[in-house]
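Only this structure's heavy atoms are used, side chains among them; waters, hydrogens and symmetry mates stay out. Lettering follows sequence order; numbering is per chain, from 1.
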Amino acid sequence: MIDVILSTMPFLLEGLWMTFKISLITIFFGSLIGTVVGMLRTLDYALITYPLGAYIHALRGTPFLIHLYFVYFMLPATGISWLQLEAFPAAVIALSLYTSTYVAEIVRGAIEAVPRGQSEAARSTGMTALQTMWYVVLPQAMKLMIPPMGGVYVIIIKGTSIVSVIGIAELVRAGEHATQRHPRELMLIYGMTAMMYFAYCYPVLRLARWAEAKFGSVRLPS
Amino acid sequence: MRKITKLLGLGLCALGMSAVAQSASADVLKDIVKRGELRVAVQTQGPPVSFVDKNGERTGFAIEVVKMMAKDMGVELKLLDYDWKGLIPAVNSGKADFLAADMTPNAKRTLVLSFTEPYLYSDVVLYSKKSQSFVKWQDACKGGVSIGAVQGSSNVGLLKKKCPDSTIKEFAGGGAAVAQAVAADRADAGINDIASAAGYMIEYPEFKVLDGAPKRWPLSFATRPDENHLLRWMDNYFMLIRNDGRLETLADYWMRGPTWKKDH
Amino acid sequence: MDWILDFYNFRVVAQYIPDFARGLGSTAWISLLALVISLSVGTVVAIMRMSANQLLWRPAAAYVQAIRSTPLLIQIYVIYFTLPALPLLGRRLDELEGGIIALGLNAGAYMSEIIRAGIESISRGQVEGAQSVGMTYLQRMRYVVLPQAIARVAPTLLGQTAVLIKDSSLVSFIGVFELFGAGLLVYNERLMPNEGYLTVAACYLAIYAVMLSLTGYAQRRLGGTAG
């Protein structure tokens, strides 16, 4: 058992590094796009909110594998040269878009939960829409945003395993390769990958908890 | 909701049109020589056909055949690793020139891809724990017996035909997961090719291989249906290495016994 | 017409309608049961986690963190491969039961965090008001806090439900036939990825659309978005 752990560890660590890279880039871009989309969706213009709603629901309602299939295999069929993506950028783009839909809904839900009276009051004191958003609405919305956001991030971290379909050797893939050499140690090797996910995800959740305590301690009045 | 479906439909239509515009390259062999690189899609389904060895090297019977192929072509080899779910799209979309796996051609599959002549025939066997009373594979073909198979493999269809009374359990996690299911008493028997099963016998001393083989599968490589030259070339190549004995040497090393285990 | 068949051969898909129907039914059923488990577990755990009593919040927190930090596939494998016969049941959980329970417990951890955020966003004034009219703790939760809390976080809960529905395809790792398996059947037998994958995507989207309209309905019933 010890020799299996020792011989597979370097490969699993390599996989973990790939998972780390992909998920970090994805979380960054996904949050960025998601926050913008989420804020835009709280606007009152149907021309903006409907297409964005369609985007969000189409992506959330379908499995990520399909998005990956679309970006990596179907876009090149258009013959447009900049759409001929290699595996890594394709995975990052597809995952970022997928992440953004979850972030967007959390942001929108949190903003809409802040009573309308507050932003109206802020506007009446002469604040611009942006100022109102930044100083009045967002600080309160944070309380609702942070706990599910931590959840979404760890879902994305674990969800990166699907990119192995297009040959990116991340943690689960590395584990699979190891189980093929040591089929008997399947549970041990999967246990090891679980520990590695834990080592990555647990601090993320602690960080979210900490952020919640620090930034989100406002209670919404009703 | 209606809006969403409409939008999605529009998007699909646009892609459909573009899909037709594709697939114009005349002869991929020319491209291979021009770019000096052979691009082959492989899946890593496990030893001894295709796997990552203890040094982190990608190897196995199918991989070594392709390596030899590229060397004899005089071009570099680029192995593109996909999961089974990505293997067919990889060839269809032109990302790979052909796919090298232990694929079994059949009447329906060959409607979509062109398969080479088989480079090897491989027996399918059933295995179980020694504590089971089965002797022949037919003994597992009765009501109340569950047989584990890799999800979507040709063996599933085979079991449905040959063992209609048994309960067939399809596991998505590959051959190792099926062996795990047999070991954990979640399936009474498992099915796999003889070389993989031989590997499990070493790992699991409590297992036995049941006598007889319900099927001998032909194993082929495959490419897009319009790549006639490449297909002819591959068939020709198999004929050549069969004649000079190199195919046999590889098959002996990888597929007929555990020799490879020492090196990999 | 011809290019549609080139891109997506619905004649082939039509031959697999029974499989897709079976897969869709299986996925819908598994998701529904797991959703019920996850919402019940999620609500209880959320309330436990907010308790001042260590014996309540510590195990709740441990459950939430442990589940969220590890992959679902491992949780399914652990329940399926390593769990012995259960004392009350007198046997081991079968594929379907094990899969549904693993899925429900997994989603429950995420749901509890979302519900907790919702509960914490309800103002103290409301709770105090309910207290002053003589409501017990359970009554306050049942009639004042939870309905509003859940209405507020409904979009996020829906998002988590979408994850749950798609995650349910992982039960195929322990041999349960579900929607994605039906798509893979077309892919495997016919080597037609579009026909397999896009049909599956459309079916998932259909389940999601039903969930979406149910959420809208529930949100209206529970009393609007803003508090």
Side-chain angles (χ1 to χ4, degrees), chain B residues 1-2 4-5 8-9 12-23 84-93 99 103-113 115 146-154 156-157 167-174 177-178 180-181 183-187 222, chain C residues 1-9 12 15 73-74 76-78 80-85 91-95 98 169-178 180-202 205-206 208-213 216:
Chain B
M1 203 55 230
R2 207 169 296 141
I4 300 171
T5 30
L8 207 73
L12 290 183
C13 292
L15 266 157
M17 308 239 221
S18 54
V20 185
Q22 189 227 5
S23 74
W84 164 245
K85 297 188 203 72
L87 210 54
I88 309 302
V91 175
N92 283 342
S93 65
L99 68 86
M103 281 240 294
T104 47
N106 62 33
K108 290 204 172 74
R109 284 179 167 185
T110 34
L111 292 173
V112 181
L113 291 181
F115 287 74
S146 58
I147 307 177
V150 177
Q151 185 189 35
S153 63
S154 308
V156 174
T167 312
I168 302 158
K169 291 188 177 175
E170 294 184 54
F171 294 92
V178 177
Q180 180 71 33
D185 295 316
R186 287 301 195 170
Chain C
M1 201 58 195
D2 203 44
W3 65 264
I4 293 183
L5 283 168
D6 261 344
F7 177 71
Y8 180 86
N9 190 333
V12 169
Q15 294 170 12
L73 177 60
I74 314 278
I76 292 177
Y77 269 168
V78 166
Y80 183 70
F81 282 134
T82 64
L83 217 60
R91 60 173 176 82
R92 293 166 89 183
L93 295 169
D94 69 18
E95 289 77 36
S169 70
L170 281 183
V171 297
S172 63
F173 276 79
I174 53 171
V176 178
F177 183 80
E178 41 67 61
F180 213 99
L184 278 178
L185 193 65
V186 178
Y187 178 83
N188 294 331
E189 288 191 0
R190 309 300 299 253
L191 304 184
M192 293 177 165
N194 280 1
E195 286 74 357
Y197 296 159
L198 298 183
T199 315
V200 162
L205 204 56
Y208 179 77
V210 173
M211 291 303 307
L212 191 62
S213 53

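Using a distance-only test at 3.5 Å, with no hydrogens or angles considered, no donor-acceptor pair links the side chain of Y77(C) to the main chain of A177(B). Under the 3.5 Å distance criterion, the side-chain polar atoms of Y187(C) are matched with a main-chain donor or acceptor of I88(B).
Residue with the most contacts toward chain C among S153(B), G152(B), G86(B), S154(B): G152(B) (heavy-atom pairs, distance under 4.5 Å). Between chain C and the options Q151(B), K169(B), R109(B), R186(B), the largest number of non-hydrogen pairs under 4.5 Å is found for R186(B). Considering only heavy-atom pairs separated by less than 4.5 Å from chain B, the leading option among I174(C), L185(C), L73(C) is I174(C).
Contacts of Y197(C) with chain B are made by side-chain atoms alone, with heavy-atom separations under 4.5 Å and no backbone atom involved. Of the two parts of I168(B), neither the backbone nor the side chain holds a non-hydrogen atom closer than 4.5 Å to a non-hydrogen atom of chain C. Of the two parts of L111(B), only the side chain, counted from C-beta on, holds a non-hydrogen atom closer than 4.5 Å to a non-hydrogen atom of chain C.
Partners of D94(C) by salt bridge (Lys or Arg N to Asp or Glu O under 4.0 Å), not counting sequence neighbours: none found. In this view, T110(B) and P105(B), F115(B) satisfy the side chain to side chain contact (heavy atoms under 4.5 Å, CB included) rule, not counting sequence neighbours.
Taking all atoms of both residues into account, the shortest heavy-atom contact from A184(B) to F81(C) is CB-CD2, 3.8 Å. Considering every non-hydrogen atom in both V112(B) and L191(C), the closest pair reads CG1-O, 3.5 Å.
Salt bridge status for K108(B) with E189(C): absent, with no side-chain N to carboxylate O gap under 4.0 Å.
Rounding to the nearest 0.5 Å gives a distance of 12.5 Å between CZ of R190(C) and CG of L113(B). To the nearest 0.5 angstrom, N188(C) atom CG is 5.5 Å from W84(B) atom CH2.
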